Structures are given as structure tokens and as C-alpha cells.
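The structure under discussion appears below in the form of C-alpha cells.
Everything quoted here is computed from the prediction, not taken from an experiment.
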Amino acid sequence: MGEMGKFLMLIGVILIITGFFFFIGEKFLHFGRLPGDILIRKGNFTFFFPLASSILLSLLLTLILNLLFRR
């Protein structure tokens, strides 16, 4: 059970860090409003898919995690 607890704490830390990046990104980096993000509005229907923001966030997290867990 000790390993499961460590794993859940790691997941929690990762979620907190991701939330922090979204919070900071909204104010400074304009995540969600990058060129390449898809926004479709028709009447009272809105579809938003942050494609470019997702790719950028994935690259950043991959780099950070590779640096942290390098052997």
C-alpha cells in the first residue's frame, strides 16, 4: 500500500503543477488563445479545442519530466 500512496501523491503534485501552469499561462502566456487553437461559434453553440496549447503543454511537461526522472 505504501507504493500506491506514493504514486497518488505524485499524481497530485503533477496535477497541482499543471494547474499552476494553466493559471500562469492564462495571465502571461495566453494558453488557449494561441494560433492553432480551434474556436467555432455558431449561434448559441461554441466549440473550443486548444490544439496548439495542448501540444505546447505536452512538450513542456515532457521536457520537465525527462529532466526530473533522468537516470
Shortest non-hydrogen contact from Pro35 to Ala52?
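Closest approach of Pro35 to Ala52, heavy atoms only: O-CB, 3.3 Å.
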
Hey, does Phe49 have a side-chain heavy atom less than 4.5 Å from the side chain of Asp37?
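The answer is no; the side chains never approach within 4.5 Å.
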
Validation row: Ile40, Thr46 side chains within 4.5 angstrom (heavy atoms)
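SC-SC contact between Ile40 and Thr46 ruled out.
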
Would [X] end up clustered with [Y] when hydrophobic side chains under 4.5 Å apart are linked, directly or stepwise?
X: Met9; Y: Met4; result: no
X: Ile16; Y: Ile64; result: no
X: Leu57; Y: Leu51; result: no
X: Leu63; Y: Leu56; result: no

Answer yes or no: is there a donor N or O on one side and an acceptor on the other, between the side chain of Thr18 and the main chain of Ile14, under 3.5 Å?
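It does hold such a pair.
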
Quick one: which of Val13, Ile11, Ile17 gives a side-chain contact (heavy atoms from CB on, under 4.5 Å) with Leu15?
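Single pass found, and it is Ile11.
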
